[in-house]
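First the structure, in the form of structure tokens, and then the observations on it.
Since we're looking at a predicted model, the values are computed, not measured. If you read the sequence from its start, that first residue is 1, and numbering goes on from there.
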Amino acid sequence: MGTGIIIFLCLVIIVIAWYIHDKYVQRTHQILVNYPIIGRLRFVFQEFREPFRQYFGDEKFYESMDKLDWVYNASRDKVNFSSFSPSQPLPKPKFMLRHTNIVLNDNEVDNEFNVTFGENREKPFVSNSMIARAPMSDGSISPEGTRAFVYGAKMGGFPINSGEGGLTSNFFVTHYDYDKKYMKEVRGNSFEYKIFKLAKFLFNDPVAVDFYRKIVFKKDLEADTYVFNKEKECFYRPNWEAPIENFPKEVPSDMADIILQISSGLYGVRTKDGKFDIERYKKQMSFCKMTEIKIAQGSKQTGGKLIASKVTPSIAYYRNIEAHKDAFSPNRFPYANTTEELFDFIGTLQEASGKPVGIKIVISDYNNIVPIAKEIKRRADLGLSYPDYISIDGGSGGSATAPLDMMERIGMDIRDALYLVDKVLKDYGVRDKVRISASGKILTPDDVIITLCLGADFVQIARGFMMSAGCIRARYCSGAGEHQCPVGLATQDIKKRKHYFVKKHSEFIKNYHANILKSMKSLLAVMGLKNIKELDKDKLIFLDIDSIIHDDMDELFERRISIKQKEEK
């Protein structure tokens with residue numbers, strides 16, 4: 001009997017056995033009883049639905065696939081021109097920008113994109129860019145991903161928000177010129193160092209460093225809390241146990257501009273029993289430019305959630321919590337039982353750091369912002385503490401771990417929320433006392449311009465920076481289930497994240513930010529504006545779903561917000 005016939009008979013036997021198993025043995029999947037073998041294609045298609053979703057059909061979650069292509073092209077510094085027409089035009093309703101007949105050349109537009117926070121603080125924060133990377137915790141993002149963002153932020157000259165995971169060692173990857181009084185160094189012995197040099201000769205640097213880390217730290221579960229100093233060829237991490245006197249009085253010049261976010265879990269600035277540690281906060285603020293208190297984020301009104309598989313020993317070390325257990329933050333910030341208590345806590349932080357402090361909130365209606373505006377007004381008149389800025393997040397999405405039942409049900413769209421906050425603060429006469437930061441589905445230069453027109457002083461971008469860092473939108477960010485982020489960006493899976501290209505993606509991150517600013521100048525030029533500060537809501541028009549043009553933004557938004565309030569009652 002020939003080999004081919006034997007193989008064929010084996011295949012037939014396997015198929016028959018498989019058929020019998022699906023139809024007469026298993027009782028897990030109903031569909032396999034009626035459709036043995038072939039019914040398994042359903043499960044195959046389900047597995048590929050999310051990671052391959054972007055390759056089939058039009059984009060439904062964002063305004064268009066063209067906007068996503070813009071992000072990817074900008075991060076790779078490619079020319080972002082399109083031929084003939086968009087492949088997927090922006091849907092109506094949509095905002096439009098007013099242009100002028102006598103346009104400017106790009107070189108006639110100012111290069112100033114800076115914004116100042118906390119002008120009355122001891123140490124105000126002057127950001128060189130009004131665009132920042134939005135909060136992404138080290139933990140939800142891989143260590144390698146965080147490092148790429150830090151490198152990109154430092155090279156690109158824009159701020160980076162730590163996210164609620166706090167200030168981890170990975171934010172120090174650009175800080176080589178440190179004092180060992182506040183830094184702990186670890187080196188291998190002479191033999192281990194020679195092995196490292198050999199590995200460096202035979203392989204690339206990341207592979208050699210990873211190998212060196214393994215032979216130096218061996219089975220130390222906190223090995224990942226140390227980053228590598230390529231100049232001194234040693235590992236290092238901040239020594240938070242060192243006395244406060246040992247820490248720098250000014251933020252080191254070789255660090256990125258970091259915004260320290262504090263959430264209801266107080267991660268990074270807490271004691272073991274979960275209380276606020278003001279000394280630890282002061283130490284961390286030695287390296288940060290300002291603080292953001294996270295009251296709410298997108299549809300996630302229930303506190304941050306990091307599942308157990310992402311709470312590695314290193315993440316547990318940073319957050320001062322127990323490893324391999326779910327890290328679910330309380331819903332309410334512990335020092336925000338009332339608006340007055342929250343503002344008192346803000347004053348404590350402002351006094352401790354001498355730097356600006358803001359809050360991050362989500363808006364559903366007037367009741368979310370009016371009490372804040374009233375309290376700012378009262379405290380400003382009395383000379384008491386109030387936030388230096390308010391960060392507003394859009395209601396949709398939230399994060400990879402937002403409850404599905406809250407998505408699209410909690411919070412206004414960022415543009416409606418932004419208009420409302422700006423208006424209420426003006427109505428109470430305190431708009432000039434606080435800056436407004438905005439985030440939520442902001443991807444491209446036109447998004448930024450529209451956001452600034454509606455009242456924002458500052459923009460924090462999450463999704464766009466994620467895509468510039470290699471995200472393919474597979475939607476496996478949470479780590480729940482069988483699958484992990486295939487890129488290695490949003491996972492703690494050691495096999496996936498170790499192969500993430502840190503340096504390559506840091507260049508992409510830098511390029512994305514640079515091309516946003518470059519294209520913003522082009523938009524300002526066709527609008528006839530020389531400076532970003534000339535933007536306001538009068539520079540917008542609105543095309544509704546019936547193609548009716550609206551040029552009075554106050555009338556438009558009052559009607560839009562009124563409709564939403566009636567729907568929510």
Side-chain angles (χ1 to χ4, degrees), residues 63-64 66-67 69-86 89-90 92-117 126-132 155-159 414-415 418-419 422 431-432 435-439 441-461 464-465 468 510-543 549-554 556-557:
E63 287 184 297
S64 76
D66 291 301
K67 291 176 75 70
D69 288 340
W70 190 96
V71 174
Y72 289 123
N73 287 335
S75 64
R76 286 152 180 79
D77 211 17
K78 294 181 179 179
V79 176
N80 251 318
F81 295 153
S82 181
S83 301
F84 194 67
S85 65
L90 297 178
K92 293 181 289 186
K94 62 182 176 181
F95 286 93
M96 307 284 287
L97 302 175
R98 295 180 189 266
H99 77 285
T100 183
N101 289 336
I102 310 300
V103 300
L104 303 176
N105 291 318
D106 287 4
N107 60 7
E108 295 177 288
V109 178
D110 293 343
N111 287 316
E112 295 181 9
F113 292 96
N114 60 293
V115 58
T116 301
F117 295 87
V126 181
S127 173
N128 293 323
S129 174
M130 54 178 52
I131 296 172
M155 291 187 295
F158 60 88
I414 183 57
R415 290 166 181 173
L418 182 56
Y419 174 85
D422 182 63
R431 179 63 182 88
D432 61 330
R435 295 283 182 262
I436 296 179
S437 171
S439 60
K441 287 188 181 178
I442 299 171
L443 294 177
T444 54
D446 51 310
D447 294 334
V448 177
I449 292 290
I450 291 169
T451 303
L452 296 175
C453 284
L454 291 173
D457 302 298
F458 192 66
V459 173
Q460 298 193 58
I461 299 176
F465 274 114
S468 72
K510 179 198 71 173
N511 291 341
Y512 171 60
H513 171 263
N515 281 308
I516 287 182
L517 295 186
K518 178 181 177 182
S519 295
M520 283 173 64
K521 286 187 63 176
S522 295
L523 287 171
L524 289 171
V526 300
M527 295 171 75
L529 305 177
K530 289 188 175 183
N531 192 286
I532 200 79
K533 293 179 173 60
E534 296 178 54
L535 291 172
D536 56 42
K537 59 180 178 292
D538 292 332
K539 305 300 187 298
L540 297 176
I541 56 177
F542 184 76
L543 186 67
I549 295 174
H550 305 263
D551 62 359
D552 187 333
M553 292 300 106
D554 289 312
L556 171 73
F557 275 99

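- Counting only distance, with no hydrogens or angles, the side chain of K539 and the backbone of L529 share no donor-acceptor pair below 3.5 Å.
- At least one side-chain heavy atom of F542 sits under 4.5 Å from a side-chain heavy atom of M553.
- Looking only at side-chain heavy atoms (C-beta outward), I414 and K441 stay at 4.5 Å or farther from each other.
- When all heavy atoms of S129 and G157 are compared, the pair lying nearest together is CB-O, 4.0 Å.
- Between E112 and I532, the closest side-chain pair of non-hydrogen atoms is not below 4.5 Å.
- No side-chain heavy atom of V126 sits less than 4.5 Å from a side-chain heavy atom of F117.
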Report task. Show the numbers, then the answer: is there a side chain to side chain contact (heavy atoms under 4.5 Å, CB included) between F557 and L454? Result -> CA-CA 10 Å; F557 275 99; L454 291 173; 3.6 Å; yes
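- Remark: M96 CE to H550 NE2 distance equals 13.0 Å, nearest 0.5 Å.
- Side-chain polar atoms of N114 and N128 form no donor-acceptor pair below 3.5 angstrom.
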Under 3.5 Å, sequence neighbours excluded: what are the donor-acceptor pairs made by side chains of residues 515-527?
| from | atom 1 | to | atom 2 | distance (Å) |
| --- | --- | --- | --- | --- |
| N515 | ND2 | A74 | O | 2.8 |
| N515 | ND2 | D77 | OD1 | 3.1 |
| N515 | ND2 | N511 | O | 3.1 |
| S519 | OG | N515 | O | 3.1 |
| K521 | NZ | N111 | OD1 | 2.6 |
| S522 | OG | D106 | OD2 | 2.9 |

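- Counting only distance, with no hydrogens or angles, the side chain of N105 and the backbone of N107 share no donor-acceptor pair below 3.5 Å.
- Considering NZ of K510 and OG of S468, their distance stands at 12.5 Å, rounded to 0.5 Å.
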Report task. Evaluate the ring pair (Phe, Tyr, Trp, His ring centres under 6.0 Å) criterion for residues F465 and F158: first the C-alpha distance (whole Å), next the side-chain angles of each, then the deciding distance (0.1 Å), finally the verdict. Result -> CA-CA 12 Å; F465 274 114; F158 60 88; 5.1 Å; yes
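- For the pair R431/I436, a side-chain contact is recorded, criterion being any heavy-atom separation below 4.5 Å from C-beta on.
- Side-chain atoms of K530 and L104, non-hydrogen and from C-beta on, do get closer than 4.5 Å to each other.
- The CD1 atom of I541 lies 7.5 Å from the CG atom of L543; values are rounded to the nearest 0.5 Å.
- Of all non-hydrogen atoms in D554 and K537, the two that sit nearest each other are OD1-CE, 2.9 Å.
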Return a table of donor-acceptor pairs under 3.5 angstrom between the side chains of residues 446-453 and protein atoms on other chains or two or more places apart.
| from | atom 1 | to | atom 2 | distance (Å) |
| --- | --- | --- | --- | --- |
| D446 | OD1 | T444 | OG1 | 2.5 |
| D446 | OD2 | K67 | NZ | 3.3 |
| D447 | OD1 | K67 | NZ | 3.0 |
| D447 | OD2 | K67 | NZ | 3.1 |
| D447 | OD2 | L443 | N | 3.0 |
| D447 | OD2 | T444 | N | 3.1 |
| D447 | OD2 | T444 | OG1 | 3.1 |
| T451 | OG1 | D447 | O | 2.7 |

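- With rounding to the nearest 0.5 angstrom, the CG atom of N531 is 4.5 Å from the CG atom of D110.
- Counting heavy atoms from C-beta outward, F95 and R415 have side chains that approach closer than 4.5 Å.
- The two atoms that bring I461 and Y512 nearest to each other are CG2-OH, 3.7 Å, heavy atoms only.
- Of the possible donor and acceptor atoms, none in the side chain of D422 sits under 3.5 Å from a partner among the backbone N and O of L418.
- Closest of all the heavy-atom pairs between S437 and Q460 is OG-NE2, 3.1 Å.
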